[in-house]
Amino acid sequence: MLQIVWYAIGMNYICLCGMLHAIDIVRFANPNFQSPYGTAYTFLPNTTHTHTKHSYIMIKGKPCKVLSISVSKTGKHGHAKCNFIATDIFTGKKLEDMVPGSHGTTVPVVNRSEWEIIDIGEDGELTLMDEGGNQKTDVNLPPHPPTMAQEIRDAWADGENQISCTVQAAVGIEQVVAWKKEAE
């Protein structure tokens, strides 16, 4: 039997579908909650039929962006199959997954934030600062796409010290996904 629970968070309501443990409901109320098992809250349960093109989904443990969805007809066992073709948001690799339409999937919590590059270390370590003056030093130059790291280094070496970047975070991974030169 499918259990549906509406959980109020401030002025917002989240529908939790399926059987969830009490610790999962606490995680919905407080995304910064650390479970007693030491794992951080990084994804949400979802139903297969609610995904759309360009939505996020976890495939083979990787956070992905959906490129296309195709749904097959109901088979002799009574379930339609949803075929997802998606790209890993950090590596760009194409992944594919086939899930029964009545089953659940997971959706990664993806956050994007803007940072200004303050320094680039010899090994590619970045020192970043946000608008509030907070610094971040745990992000490196991106390995994907292969040319982005060199483009950022070249712009930095040319004296373009007003460079900002977009850092994308999901499932405990943070990576630079875009950059631009700031107008002075």
Undergrad: For Arg153 and Gly124, which heavy atoms make the closest approach, and how far apart are they?
TA: NH2-N, 3.2 Å
Undergrad: Thr166 and Glu114: side-chain donor and acceptor closer than 3.5 Å?
TA: yes
Undergrad: Strictly distance-based, threshold 3.5 Å: is any side-chain N or O of Ser72 a donor or acceptor partner for the main-chain N or O of Lys81?
TA: yes
Undergrad: In Å and rounded to the nearest 0.5 Å, what is the CG to NZ distance from Asp130 to Lys136?
TA: 9.0 Å
Undergrad: Quick check: closest heavy atoms across Trp179 and Ile163, and the distance to 0.1 Å?
TA: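 Scanning both residues completely, I find the closest heavy atoms to be CE3-CG2, 3.8 Å.
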Undergrad: Working to the nearest 0.5 angstrom, can you tell me the gap between Thr127 OG1 and Gln135 CD?
TA: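 Answer rounded to 0.5 Å: 6.5 Å.
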Undergrad: Would Met148 end up clustered with Leu128 when hydrophobic side chains under 4.5 Å apart are linked, directly or stepwise?
TA: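 Cluster IDs for Met148 and Leu128 match.
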Undergrad: Please report the interatomic distance NZ(Lys93) to CD1(Ile59), rounded to the nearest 0.5 Å.
TA: 14.5 Å
Undergrad: For residues His51 and Val107, determine if any side-chain heavy atom of one lies less than 4.5 Å from a side-chain heavy atom of the other.
TA: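 The answer is yes, as the side chains (C-beta and beyond) meet within the 4.5 Å cut-off.
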Undergrad: Is any side-chain heavy atom of Val99 closer than 4.5 Å to a side-chain heavy atom of Thr105?
TA: yes
Undergrad: List the atom of Ile152, the atom of Val176, and the distance in Å for their closest heavy-atom pair.
TA: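 In this case the closest contact between Ile152 and Val176 is CD1-CG1, 4.4 Å.
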Undergrad: Of the options Val177, Val110, Val171, Ile173, which is the one that meets Ile89 in a side-chain contact (heavy atoms from CB on, under 4.5 Å)?
TA: Val110
Undergrad: Would you say the side chain of Gln168 lies within less than 4.5 Å of the side chain of Gln175, judging by non-hydrogen atoms?
TA: no
Undergrad: Give a yes or no on whether Glu131 atom CD has more than 12 heavy-atom contacts from other residues, nucleotides or ligands under 6.0 Å away.
TA: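 Not more than 12 within 6.0 Å, no.
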Undergrad: Could you tell me if the side chain of Leu67 sits less than 4.5 Å from the side chain of Thr87, heavy atoms only?
TA: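 Of all side-chain heavy-atom pairs linking Leu67 with Thr87, at least one is under 4.5 Å.
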Undergrad: Counting only N and O atoms by type, is there a donor-acceptor contact under 3.5 Å from the side chain of Thr91 to the main-chain atoms of Asp88?
TA: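 Checked: no pair found.
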Undergrad: Working to the nearest 0.5 Å, report the span between CG of Asp97 and CD1 of Ile57.
TA: 6.5 Å
Undergrad: Quick check: closest heavy atoms across Met58 and Pro108, and the distance to 0.1 Å?
TA: SD-CB, 3.7 Å
Undergrad: Measure the CD-CG distance between Glu116 and Leu126 for me, rounded to the nearest 0.5 Å.
TA: 12.5 Å
Undergrad: Please check if the distance between the ring centroids of His144 and Phe90 is under 6.0 Å.
TA: no
Undergrad: Group every Ile, Leu, Val, Met, Phe, Trp and Tyr by side-chain heavy-atom contacts under 4.5 Å, then state whether Met129 and Val167 land in the same group.
TA: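 No.
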Undergrad: With a 4.5 Å cut-off on side-chain heavy atoms, are Ile117 and Trp156 touching?
TA: yes
Undergrad: What is the minimum heavy-atom distance between Ala149 and Pro142, and which atoms define it?
TA: CB-O, 3.5 Å
Undergrad: Within this structure, what is the CZ-SG distance for the pair Phe84 and Cys64, rounded to the nearest 0.5 Å?
TA: 11.0 Å
